[in-house]
Amino acid sequence: MSWNKNGRTLKEDMKLIHRGLREFNRILPGQLQYVAGRSLLGAVCPYVAVIAMAGILGELTGDRCLEKLFLYVAVSVAIVFLLTLAKSILEARISVGYSDLFAAHEIHLTDKAYGLVYELLEGEEVRNLRDQVSGSISVSGAGMASLYWDMEVICGNLCTGTIALLLCVRYGVHMALGVLPVLLILVALCTWISCRLTSRRWDVGYQIFEQGAVYQRYGDYYTMNYLPDENMGMDIRIFRQKQLVLAESRKKCYEPFARGKRREMRADTFYGSVKLLCTGICGLAVYGLVAAQSLQGHVPVGDVLVVYSAVTSLILSLSNMAEIFTDLRNNNTHLTHYFAYMDLPEEGEDISCSSGNGPILPGRAEGAWDKRPDGTKEGRTDENIRTAGQNNHADGQQGRIVYTAKTPVWEICFDHVSFCYPGSEERVLRDVNLTVYGGEKLAIVGENGSGKTTLIKLLCRLYRPTKGRILVNGRDIWSYSAEDYQQLLSTVFQDFSLFAFSLGSNVAACRDFDRRRVEKALIQAGLQSRLESLPRGLDQALTADYEEDGVRLSGGEAQKVAIARALYKDGAVLILDEPTAALDPYAEAEIYEQLFRNLGPSCGKGQTLLSISHRLSTCRYCDRVAVFSQGRLVQLGTHRQLVQEEQGPYQRLWQAQARYYQECSE
């Protein structure tokens, strides 16, 4: 066994094993203590019987006292019964813990993933690292699982070896002095041979299962994710992809895995046979030496069995511990991957770049003046509030913003913001300067790849700007606590997720929710008729994955549920990133009209809305339009202003869509 293994020193390996044990105790508290207790009891039980048998043999060859014989039998049976009972209780607890190990491990990883900085979570390198960690334990039982099993073996053999050593000292004191060095040499030789053979076998297995995560990822994707998926099933049938998928899964998963297993089994058979032969020879030598000492009168007949069992158990225990320690050092590579993932930085509760954590949305004094997007000031009057919706959409004054007394004064400012995705030098956003005013309805438009969604991701703190900063009330958004800042935003992304929970839980994102608010949000999102058709209403499960009476929503209905979820959260900023892509124009118009009726100043809310859409008809509902091209903000103004700018980007987009609809109608 080399001092350096897999690029790590023995000291580094010991530190890693110690850290792994502490981490395991966090995943399954108390489990290692149960294992240690069971190992101790399991080591003691056999020797109770051996010592009792030695006493019985000694008595049979000596005084042959019936009372002593009965006492030996009764005491040994009682002790073995109590030890076995205690061992069974511990085994039951260990069995429960073992069944929870894999689930607890994945929950631990998932909990970590939830707290990761989003730009890491989305990165390919981090996803591969997570696959490695999960694949190690599920495919080869490595990582935390191997640490658990190896410690069980080490605890058992440590207890057995300690007891065997004590028995050797106790019963071997009468042997001739020349015999003891021979026994020690036999113990050391057999341990060294066993260690070398097992080390080579473990190395073969390690090389194979090191790739286990890759094999599992391919296998799971093709056979568990791709083939059974109902959406992919359409492509598989139409384009006859079944044979292609199966061939790929065999080539990248099952065939290399099978080759590796055959290699491992051959190594296991060869090295195991040689080890068994060496152990047998050593055992015969030990038995011969002890028997010879007994014939010469140095060792009582009754002690021959004890000494032989103790010496052979000591050899076996030392060999097993050396083998398992080799496995532990190999397993440290998997633990290195595990801790590399667990040590990834998380978005803390308070990532401050300035002192203090002031309120994000401060209140304002009664009668304060409010700024409009054009920079002018306007006094707040009842007439302003009453006519706000008409002014915004009918008289061409889309830039006019009117507040109510309940509306907080604040603004979002993109200050010279540039951004490159991790691992890329290409700028997705270039020196963006944009101010969004409280209560404003801003449309963000542009061609695909112009940076619209990236801008929203930066605002949501999923990424940090490469250059520049985003300010809320003059403070960097990263100076606020993550929890407080996220309460500000209600977002619907292009790629949203619905879960196999009840409809109400999907909207409220919790089990206990305000049913009236959920119903109101669903109605605002245009799902009133669908809600009324559900037999269980808000308690109706979505999808039939786990509930027999679960319902499957259409793409448009699912999108409306996502919108309802954002409305239920009722954040001060509502962000819609292509929220109506799966809806027909009539449904889209209905939702936007409903949204603006419920978000407008006349309703006393005055929420800020940022809407990304490729359908420019929605821009008519907004106060201003921001036009992006190749990562730059190239136009900013009202819909009426921009559509009249000759040869402007917005006018070209507008005319292209209008021409398309006109040609289709013809």
Practice task
Applying side chain to side chain contact (heavy atoms under 4.5 Å, CB included), run through Leu633 and Leu455 and close with a yes or a no.
Solution key: CA-CA 11 Å; Leu633 176 61; Leu455 186 79; over 6 Å; no
Practice task
Could you pull out all residues at least two apart from Ser629 that satisfy side chain to side chain donor-acceptor pair (under 3.5 Å)?
Solution key: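 Partners of Ser629 by the side chain to side chain donor-acceptor pair (under 3.5 Å) criterion come out as none, since no residue qualifies.
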Handout entry: Partners passing side chain to side chain donor-acceptor pair (under 3.5 Å) against Asp431 (at least two apart in sequence or in another chain)
Key =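 With neighbours one apart ignored, the set is His416.
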How long is the span from the [atom1] atom in [X] to the [atom2] atom in [Y], to the nearest 0.5 Å?
| X | Y | atom1 | atom2 | value |
| --- | --- | --- | --- | --- |
| Leu542 | Ser502 | CG | OG | 7.5 Å |
| Gln487 | Asp570 | CD | CG | 11.0 Å |
| Leu344 | Leu121 | CG | CG | 10.0 Å |
| Ile563 | Leu576 | CD1 | CG | 6.5 Å |
| Gln607 | Lys441 | CD | NZ | 7.5 Å |
| Phe628 | Thr453 | CZ | OG1 | 11.0 Å |

For the backbone of [Y] and the side chain of [X], can you confirm whether one donor and one acceptor N or O come within less than 3.5 Å of each other?
| X | Y | result |
| --- | --- | --- |
| Thr466 | Cys420 | yes |
| Gln655 | Gln647 | no |
| Gln486 | Cys460 | yes |
| Lys569 | Ala509 | no |
| Lys467 | Pro465 | no |
| Arg511 | Ser505 | no |
| Thr638 | Arg624 | no |
| Arg461 | Ile477 | yes |
| Tyr568 | Asp514 | yes |

Problem - Charged N-O contact under 4.0 Å between Glu23 and Arg26 - result: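 Result for this pair is yes, salt bridge flagged.
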Exercise for the section: Run the numbers on Leu429 and Phe414 for side chain to side chain contact (heavy atoms under 4.5 Å, CB included), then give the verdict. Expected result: CA-CA 11 Å; Leu429 291 174; Phe414 294 85; over 6 Å; no
Exercise for the section: Show your working on side chain to side chain contact (heavy atoms under 4.5 Å, CB included) between Leu527 and Glu557 and close with a plain yes or no. Expected result: CA-CA 7 Å; Leu527 276 173; Glu557 289 172 337; 4.2 Å; yes
To check you understand the geometry: which heavy-atom pair defines the closest contact between [X] and [Y], and what is its length?
| X | Y | value |
| --- | --- | --- |
| Val445 | Ser613 | CG1-O, 3.7 Å |
| Lys452 | His614 | NZ-CE1, 3.8 Å |
| Ala521 | Val507 | CB-CG1, 4.5 Å |
| Leu459 | Ile412 | CD1-CG2, 3.8 Å |
| Asn506 | Arg565 | O-CD, 3.0 Å |
| Val643 | Gln651 | O-NE2, 3.2 Å |

Could you tell me if the side chain of [Y] sits less than 4.5 Å from the side chain of [X], heavy atoms only?
| X | Y | result |
| --- | --- | --- |
| Phe513 | Leu538 | yes |
| Val472 | Tyr485 | yes |
| Leu531 | Leu503 | yes |
| Glu440 | Glu411 | no |
| Asp577 | Phe496 | no |
| Met342 | Leu109 | yes |
| Val126 | Tyr341 | yes |

Practice task
Answer yes or no: are there more than 12 heavy-atom neighbours, outside Gln630 itself, under 6.0 Å from its atom CD?
Solution key: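 12 or below, so no.
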Exercise for the section: Answer yes or no: does atom CZ of Arg469 have more than 12 heavy-atom neighbours from other residues, nucleotides or ligands under 6.0 Å? Expected result: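 Counting other residues, nucleotides and ligands, CZ of Arg469 stays at 12 neighbours or fewer.
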Handout entry: Results of salt bridge (Lys or Arg N to Asp or Glu O under 4.0 Å) for Arg19 - residues two or more places apart only
Key =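 Testing Arg19 for salt bridge (Lys or Arg N to Asp or Glu O under 4.0 Å), a comparison that skips the adjacent residues, returns Asp343.
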Handout entry: salt bridge (Lys or Arg N to Asp or Glu O under 4.0 Å) partners of Glu447, counting only residues at least two apart
Key =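 Partners of Glu447 by the salt bridge (Lys or Arg N to Asp or Glu O under 4.0 Å) criterion come out as none, since no residue qualifies.
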Practice task
Go through the structure and list residues passing ring pair (Phe, Tyr, Trp, His ring centres under 6.0 Å) with His105, not counting sequence neighbours.
Solution key: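 Expected list: Tyr338.
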Handout entry: Counterpart residues, ring pair (Phe, Tyr, Trp, His ring centres under 6.0 Å), relative to Phe419 (two or more places apart)
Key =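 Phe419 satisfies ring pair (Phe, Tyr, Trp, His ring centres under 6.0 Å) with Tyr421, Tyr463 only.
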Problem - side chain to side chain contact (heavy atoms under 4.5 Å, CB included), paired with Leu442, selected from Ile612, Thr435, Asp623, Leu434 - result: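 Considering Ile612, Thr435, Asp623, Leu434, a side chain to side chain contact (heavy atoms under 4.5 Å, CB included) with Leu442 is found only for Leu434.
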Exercise for the section: Mind running salt bridge (Lys or Arg N to Asp or Glu O under 4.0 Å) on Arg515 and Asp539 for me, showing each step along the way? Expected result: CA-CA 10 Å; Arg515 301 181 74 88; Asp539 299 319; 3.5 Å; yes
Handout entry: side chain to side chain contact (heavy atoms under 4.5 Å, CB included) assessment of Phe493 paired with Leu462
Key = CA-CA 12 Å; Phe493 285 109; Leu462 300 179; 4.0 Å; yes
Exercise for the section: Show your reasoning for whether salt bridge (Lys or Arg N to Asp or Glu O under 4.0 Å) applies to Glu106 and Arg130. Expected result: CA-CA 10 Å; Glu106 284 304 304; Arg130 169 65 186 269; 3.2 Å; yes
Problem - Polar contact flag, side-chain donor to acceptor under 3.5 angstrom, Asp476-Ser479 - result: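 No.
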Handout entry: His639 ring center within less than 6.0 Å of Tyr650 ring center
Key =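 Tyr650 vs His639: aromatic centres under 6.0 Å.
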